[in-house]
Amino acid sequence: MIKILITSAIALIMLNSCTSPQPKATPAQQLIETLNRVKGKGVLFGHQDDLAYGVDWWMVPDSSDVKAVAGDYPAVVGWELGGLERGDERNLDSVSFADMRQLAIKAHQRGAINTFSWHAYSAVNGVNSWNTDTRVVEHIIPGGSHHLQFVKQLDEVARFFASLKDEHGNLIPLIFRPWHEMGGSWFWWGRKHCTPDDYKKLFVFTVEYLRNTKGLNNLVISYSPDGEFSSVDDYLTFYPGDEYADMLGFDDYDSNPEHNWPESVAQKLRTVIGLANQKGKLAAFAETGNENLKDTTWFTNRLAKALEPADIQSQLSYVLVWRNDPKVHFFFSHPNHASAPDAKAFLQRPYMWLLGNLNASANN
Ligand code: BMA
């Protein structure tokens, strides 16, 4: 009798598992699947603020410096949230959040992937990210004197992320890269301005609040120190834990032509890729560039050398160069600049993927 009962119970469970529909993948899971599908085929090329402005234009519909130089849009588009947390209408680089929302949605509809950085103003005293005169992190984590003010800031971020919806009302996926470059000490969340423990609490709270309390299931979380790490342990000093990161990356700019930057970056990419593989995460070169492209052959002579080793190009999800703001600095080329042929040649390498390559891969 017992045997019959057990057999029927097993049969019932099996029947049930065959008939009940699979839970639908969340937008974040779908983006992770896309990135895993692309891995090994191409490294997606990204550019910060690409669709909002360029070296000689501002908010011109459908414009892009990457497209103007290389004939296609970038596959990854970066955006910056700084200022959103204090209710500003425009971010700290003057891009209005209404425009950003519309452009990010349009980018998604075209097939591109959006990623967001956040140079947040402090919830303690309102100073910008680069002001390190006072301690902030210990005061905004749970139990801190300004935690509630920080939660209000996160509410603004959550509201914005929740407003990124496609034409069917579904949340669009995005890569969120909070509290980046913490290994240096230039931001108030950097190495000298908080303990690794408090930093981790900040990261964990940020992710849990957005994901769980606010129910945002469209966030792929990226852990993104600066390039000043020398080992896996060093890289992991501020790591919040596997539950709180889907992607491992780092930021590293090429500012010294004397320095053997391509090899040093390749080494760091290998460290991060190895770790990402071990943990079942994605790997990215989250920010890079040569300021104002003083080296007009930087793309083929420096960046390509860091990316093209087979073990790197086959395992890196994307590389993103920083913004093209003529008032401050630019990191991608533009048609009238001497670096344009070099940038184009770099983006024609088979392993570098622009939007068209990403879209074509979805149909294969
Ligand atoms: C920095 C610079 C700043 C900018 C900030 C946020 O690296 O480009 O001018 O305000 O990023 O985008």
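Side chains are part of it too, since the values below use all heavy atoms of this structure and drop only hydrogens, waters and symmetry mates. Owing to the predicted nature of the structure, the values given are computational and were not obtained by experimental measurement. Start at 1 and go down the list; that is how both ligands and their atoms are numbered.
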In the protein, what heavy atom is nearest to [atom], and what distance, to one decimal place, separates them?
atom                   : answer
atom 7 (O) of ligand 1 : Trp322 NE1, 3.3 Å
atom 5 (C) of ligand 1 : Trp130 CH2, 3.9 Å
atom 8 (O) of ligand 1 : His329 NE2, 2.6 Å
atom 4 (C) of ligand 1 : Asp93 OD1, 3.2 Å

What class does the angle between the rings of [X] and [Y] fall in, given that below 30° is parallel, 30 to 60° is tilted and above 60° is perpendicular?
X      : Y      : value
Phe299 : Phe45  : perpendicular
Tyr223 : Phe203 : perpendicular
Trp188 : Trp179 : tilted
Phe205 : Phe150 : tilted

Run the numbers for me: atoms of ligand 1, each under 4.0 Å from some heavy atom of Val328, listed by number. 9 (O)
Under a 4.0 Å heavy-atom limit, does Arg323 contact ligand 1 with its side chain, its backbone, both, or neither? side chain
Let me see the working for Tyr253 and Phe331 under ring-ring contact (aromatic ring centres under 6.0 Å, His included), right down to the final yes or no. CA-CA 10 Å; Tyr253 287 80; Phe331 294 88; 5.4 Å; yes
